[in-house]
Structure formats: structure tokens, C-alpha cells
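Here, residue 1 is the first one in the sequence, and each next residue gets the next number.
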Amino acid sequence: MGWLLIGLVLVVVLVVVLRWRRPAWYWLAFGALAAMVRVRIRYADVMDACHLTVPASRWQLALARWRKSEIPRQRTPRLMRIAPTRTGVRLRIGLRPGQDAFEFSAAADRLRHSFGVHQVTSRELKPGVVEVTMTGYDVLDRVRMPARCKPGTLRVPIALREDGGAFYRDYRETPHSVTVGATQSGKSVFQRTVIQHLAPQAVALVGIDCKNGVELGPFARRLSALADNPDDAANLLDALVERMEDIYQVIRRAQRISADTPDAEIAANIWDLPEHLRPVPVVVTIDEIAELALSAKRHDPRRDRIITALIRLAQLGRAAGIFLDIYGQRFGSDLGDGITMLRAQLTGRVVHRVNDESTAKMAFGDISPHAVFAATQIPNVRRGMAVVGYSTGEWVRIRTPHTRMRQAVAACNRHAALTPHLPELARFKPVLDPAPAPALAPVETRPEAA
């Protein structure tokens with residue numbers, strides 16, 4: 001009996017230590033099974049309490065009246081499958097007639113409390129079927145990227161989602177994006193992580209950093225062009241527009257459209273071109289959009305050039321292989337004319353911690369009010385945590401692993417040989433400072449004998 005008691009105490013201590021120090025191990029060993037049992041037992045009561053049930057069918061009601069029996073209880077949605085995951089539990093639920101997927105996303109917080117899990121998200125798999133993902137513990141507390149990430153051409157894993165999966169920045173799916181956040185919110189770490197993962201790929205990196213290049217200057221060995229002041233930025237953007245127009249001429253010449261040309265041979269963007277004709281894609285990183293958009297003059301020709309070029313690149317650059325990553329503390333109409341039109345072309349929306357609700361509305365106001373609320377709830381201690389919004393109205397929390405500047409610079413230096421030479425941007429190629437000469441040790445001299 002004594003040995004049994006000691007063994008029980010050791011198991012309890014092990015469970016407590018695992019839950020505190022290794023929550024992922026605790027979940028796989030104990031938490032997943034407990035959560036699945038809890039869901040099975042409470043499922044019908046929770047669906048009824050969260051108003052996710054529908055009344056009995058008409059024939060059931062008619063049969064009950066004919067038998068003079070009590071009215072059948074509400075019908076719960078069908079639990080089609082329940083399966084554990086590395087970070088939680090995944091439910092596949094069949095909807096009853098009259099239900100929709102929005103009801104489950106609206107009831108996510110009630111489901112979280114009812115089932116005793118950390119987070120609940122839902123998405124529609126197909127008409128009539130909803131997938132509810134429950135996260136058993138705070139995945140974003142200690143960011144550990146999944147061991148099996150699947151990067152690809154212009155598709156890089158840069159953050160961890162709240163459901164335990166990797167968040168990818170996919171330029172071919174989402175060509176242009178804007179990242180908003182207050183000072184010390186994790187914007188710069190997000191930017192470094194993107195550049196670090198793009199460095200090994202066959203892509204040209206272009207930077208615009210009007211803070212004298214303090215953020216993007218250290219990556220100079222991997223940058224094909226860099227502008228560190230508004231004047232150079234205006235000229236660089238004009239050169240990118242010229243490059244875009246030249247690429248369209250290449251695509252037009254390669255189309256060779258005739259009556260006997262198969263559809264597969266007609267090119268409409270650089271990815272349809274043959275390998276030997278395909279120009280290298282260009283990712284343009286703009287560190288602080290306010291430094292380009294703000295002007296003390298009422299009508300500033302330089303600002304108008306910059307905003308016009310950015311709008312043209314956002315509207316037409318995708319097919320030419322030119323992609324925009326714009327970063328800033330605010331991104332609204334208070335930055336001047338043209339900003340709202342530019343924002344409408346940026347499909348990707350990422351918001352880190354913000355100081356006011358209006359800043360979150362600038363990014364998510366036209367997408368989802370729930371994403372606006374989630375962005376305003378990010379605590380100060382969660383640097384790198386952000387909310388990603390999609391044009392469909394869906395949103396998800398992510399957190400970027402801490403990437404030090406030295407790590408990103410080392411990746412750029414290691415792959416400096418992959419930096420493509422772009423003739424249109426040759427005059428903006430950053431000039432590398434020579435390595436400082438090592439200081440010579442002072443020569444010791446003996447005092448002359450008297």
C-alpha cells in the first residue's frame with residue numbers, strides 16, 4: 001500500500017511538472033485524452049447551452065402530438081469525428097438544417113469555457129460541415145515552430161499560429177501586405193524573420209528605409225537596391241515601375257497568340273514564361289510608410305510621385321513578379337491622399353500591439369470587427385504577437401519567434417552570392433563599407449639608459 005501511494009504521488013508530481021515546464025508533453029500524455037472524454041460527456045449539454053441546437057423536425061412534433069407525449073428536445077449538430085492533435089483536439093461537426101458556420105465562430109468563447117480549453121477556432125470545410133479546433137494550452141507563450149514546415153518558392157514560415165500550425169507568408173497567394181504595430185510590438189522582428197527566410201531563395205530583395213537605413217542597412221550584402229532617404233525612394237520606385245513595364249513587354253512578346261496556340265502556352269505573368277525568359281521576382285520592403293507619405297507641404301510633388309508609384313506597383317506588380325511588404329505604426333487616411341487607395345490593394349493584413357482602437361480599424365475595419373477587438377487585446381508583454389486578417393472575414397492570432405538582428409544578418413551574408421544584379425536598379429545598389437582595419441598594439445619601448 002505504501003509503494004502504491006508513493007507511485008501515485010510521483011505521477012501527480014510528474015503531471016504538475018510537465019504541465020508547468022513542458023505543456024506540449026503534458027498535453028500528449030494526459031491532456032488530450034481528458035479533453036476528448038470531457039467533450040464526449042458534455043457535448044449535448046454544451047451545444048444546448050451555447051444555442052447551437054435546432055428544434056425538432058415537423059414530423060417528430062406531429063408524432064409527439066399524435067402520441068400525446070412530451071415534445072422532443074432540441075436536436076444537436078452531429079459530432080462526426082473527434083481526433084487529438086499535437087496541440088489540441090479537432091472536431092468535425094455536421095450542421096443541422098438552418099444552421100450556419102458563423103454561429104460556431106460567434107460561440108467560440110462560450111465553447112472555450114464550456115469545454116475547459118485554452119482557445120477555440122472554427123472554419124467551414126464544405127457546405128454543412130464545420131471543423132472546430134480546440135487548443136489545449138497557450139501555444140504562443142513559448143514559440144516553438146513545428147519541426148515539419150513546408151517552405152516553397154516565395155512561401156516562407158515566419159510565425160506560429162494559435163492552433164499550433166505554422167503561418168506562412170505566401171507571396172504568390174497574397175502578393176502585397178501591410179504590417180502595423182506600435183513601438184516595441186515586434187514589427188522589426190517580424191521583418192527580420194521574413195528577410196532571413198527569403199535570403200536563401202532566388203529572389204531580389206529591395207529595401208526602402210528612410211531612417212538612414214538603420215533597419216535594413218545591415219542586410220546590404222543581400223539587397224539588390226536600398227534607398228535610405230525620400231529622394232532616393234522616389235527614384236527607386238520609379239525605376240521599379242519602369243522594370244514592371246519592361247517585364248510586361250517581355251510577357252507580351254512571349255505570348256505568340258494565334259489560332260493554333262494551345263492555352264497552356266499563352267503567358268499572362270512571369271510564372272507562365274519559360275525558365276530562360278523568366279525574370280527574377282522582386283520583394284520590396286518598406287520599413288516605415290509614414291516617412292514616405294507625410295509631408296510638411298500642402299502639395300508635395302515628391303510625395304505624389306511616391307504614392308502614385310506605390311499604387312501602380314500594388315495594382316499591377318503581381319504579374320510582373322514585384323511584391324510589396326509595407327510596415328508602419330499607422331496606415332490610415334491621416335497620412336494623406338492616396339493612402340486609402342493603396343491600402344485597398346494590400347491583401348495581407350497583420351496588426352501587432354497597437355495603442356488605440358482606430359489604428360486596428362485602419363487595417364481590419366473593412367474585414368472583421370472581431371479582428372479589431374482581438375488586436376486591441378494584445379498585452380505589452382507579448383512582443384511578436386499579432387493578428388492576421390483575411391479578406392474572407394476570418395482572422396487568427398500568431399506570434400513570431402524572436403529573431404535577433406545578428407541571425408538575420410548572418411543569413412543574408414551567407415547567401416550574398418544569390419543577390420541578383422538588376423540593371424534598372426544598379427545605381428541603388430548599396431555600397432558596402434570596407435571592414436575596419438584591426439587596431440595595432442602599441443609598441444613597447446624601453447627607456448634609454450641614462
### Message
I need the single residue from R305, R427, R302 that forms a side chain to side chain donor-acceptor pair (under 3.5 Å) with N235. Which is it?
### Response
R305
### Query
Between N212 and V214, is there a donor-acceptor pair closer than 3.5 Å when you use the side chain of the first and the backbone of the second?
no
### Query
For the residue pair A309 and D238, what are the closest heavy atoms and their distance?
CB-OD1, 4.1 Å
### Query
Are side-chain heavy atoms of T135 and V117 found at a separation under 4.5 Å?
no
### Message
Using a 6.0 Å cut-off, check whether atom CZ of R81 has over 12 heavy atoms from anything other than its own residue.
### Response
no
### Message
Counting C-beta onward and ignoring hydrogens, is there a side-chain heavy-atom pair between R38 and V46 closer than 4.5 Å?
### Response
no
### Query
If you round to the nearest 0.5 Å, how far is CG of L425 from CG of L240?
5.0 Å
### Query
Does the distance from a Lys or Arg side-chain N to an Asp or Glu carboxylate O, for R96 and E103, drop under 4.0 Å?
no
### Message
With side chain to side chain contact (heavy atoms under 4.5 Å, CB included) as the criterion, how do R330 and D356 come out once you've worked through the C-alpha distance, each side chain's angles and the decisive distance to 0.1 Å?
### Response
CA-CA 10 Å; R330 290 177 66 84; D356 57 340; 3.2 Å; yes
### Message
Between C412 and R221, is there a side-chain heavy-atom distance shorter than 4.5 Å?
### Response
no
### Query
What's the shortest heavy-atom distance between F323 and P175, and which atoms?
CB-O, 3.3 Å
### Inter-residue atom distance F167.CZ - E162.CD, 0.5 Å rounding
12.5 Å
### Query
Could you state the interatomic distance from CD1 (I326) to CG (L346), rounded to the nearest 0.5 Å?
5.0 Å
### Message
Tell me if a side-chain donor or acceptor on D209 pairs with a main-chain N or O of D287 at a distance below 3.5 Å.
### Response
no
### Message
As an exercise, state the distance from CE of M405 to CD1 of I195, rounded to the nearest 0.5 Å.
### Response
8.5 Å
### Task
Please examine the side chains of R172 and R155, heavy atoms only from C-beta on, and report whether any two atoms are closer than 4.5 Å.
no
### Query
Quick check: does any side chain N or O of T87 sit under 3.5 Å from a backbone N or O of D163, one acting as donor and the other as acceptor?
yes
### Task
Check T76 against Y43 and note the closest heavy-atom contact, atom names and distance.
OG1-CE2, 4.3 Å
### Query
Between M244 and Y248, is a side chain to side chain contact (heavy atoms under 4.5 Å, CB included) present by the stated rule, with each step listed?
CA-CA 6 Å; M244 178 183 68; Y248 277 126; 3.6 Å; yes
### Query
Are D45 and R42 close enough for a salt bridge, meaning some N to O gap below 4.0 Å?
no
### Query
Within a reach of under 6.0 Å around CZ of R318, are more than 12 heavy atoms found that belong to other residues, nucleotides or ligands?
no
### H402 NE2 to T193 OG1 distance, which is reported to the nearest 0.5 Å
9.5 Å
### Query
Under 3.5 Å, side chain of K429 to main-chain N/O of L223, donor-acceptor pair present?
yes
### Message
In the structure I gave you, are the side-chain heavy atoms of H370 and S105 within less than 4.5 Å of one another anywhere?
### Response
no
### Task
Determine, step by step, whether R112 and D109 satisfy the salt bridge (Lys or Arg N to Asp or Glu O under 4.0 Å) criterion, reporting the C-alpha distance in whole Å, the side-chain angles of both residues, the deciding distance to 0.1 Å, and the verdict.
CA-CA 5 Å; R112 177 173 71 91; D109 201 49; 2.9 Å; yes
### Message
Any salt bridge linking R399 with D138? Criterion: basic side-chain nitrogen under 4.0 Å from a carboxylate oxygen.
### Response
no
### Task
Side-chain contact test, heavy atoms from C-beta onward, threshold under 4.5 Å: evaluate it for V178 versus I289 and give yes or no.
no
### Query
So, for R75 and P97, which heavy atoms are closest and what is the spacing to 0.1 Å?
NH2-CD, 4.4 Å
### Task
Output yes when a side-chain donor or acceptor of H176 lies under 3.5 Å from a complementary backbone atom of L324, and no otherwise.
yes
### Query
Any donor-acceptor pair under 3.5 Å linking the side chain of R222 with the backbone of R414?
no
### Message
Using only atom types and a distance under 3.5 Å, with no angle test, would you say the side chain of Y168 pairs donor to acceptor with the backbone of G152?
### Response
no
### Task
Using the side chain to side chain contact (heavy atoms under 4.5 Å, CB included) rule, take R383 and R353 through it: C-alpha gap first, then chi angles, then the decisive distance, then the call.
CA-CA 8 Å; R383 294 184 182 178; R353 177 181 55 82; over 6 Å; no
### Task
Report yes or no: is the cationic atom of R169 (NZ for Lys, CZ for Arg) under 6.0 Å from the centre of the six-membered ring of Y171, at an angle within 45° of the ring normal?
yes
### Message
Other residues, nucleotides and ligands only: do more than 12 of their heavy atoms fall within 6.0 Å of CG on D100?
### Response
yes
#### Entry: Value rounded to 0.5 Å, distance of CD1 in I208 from CD in E291
12.5 Å
### Query
What do the steps show when you test F219 against R192 for side chain to side chain contact (heavy atoms under 4.5 Å, CB included), and what is the final call?
CA-CA 9 Å; F219 312 125; R192 292 175 207 159; 4.1 Å; yes
#### Entry: Heavy atoms of other groups near H113 NE2, more than 12 under 6.0 Å
yes
### Message
For the backbone of K187 and the side chain of T179, can you confirm whether one donor and one acceptor N or O come within less than 3.5 Å of each other?
### Response
no
### Message
Would you say CE of M341 has more than 12 non-hydrogen atoms from neighbouring residues, nucleotides or ligands within 6.0 angstrom?
### Response
no
### Query
Has the side chain of Q201 got a donor or acceptor atom that lies under 3.5 Å from a matching backbone atom of L154?
yes
### Query
Is the backbone of D337 close enough, under 3.5 Å, to the side chain of R303 for a donor and an acceptor to pair up by distance?
yes
### Query
Any idea how H352 and F190 line up, ring-wise: parallel (<30°), tilted (30 to 60°), or perpendicular (>60°)?
perpendicular
### Query
Side-chain contact, heavy-atom cut-off 4.5 Å: L313 with V284?
no
### Message
Ignoring hydrogens, what is the shortest heavy-atom contact between F428 and A239? Give both atom names and the distance.
### Response
CE1-CB, 4.1 Å
### Closest approach of P218 to G213 (non-hydrogen atoms, all atoms of both residues)
CD-O, 3.9 Å
### Query
Are side-chain heavy atoms of L79 and R40 found at a separation under 4.5 Å?
yes
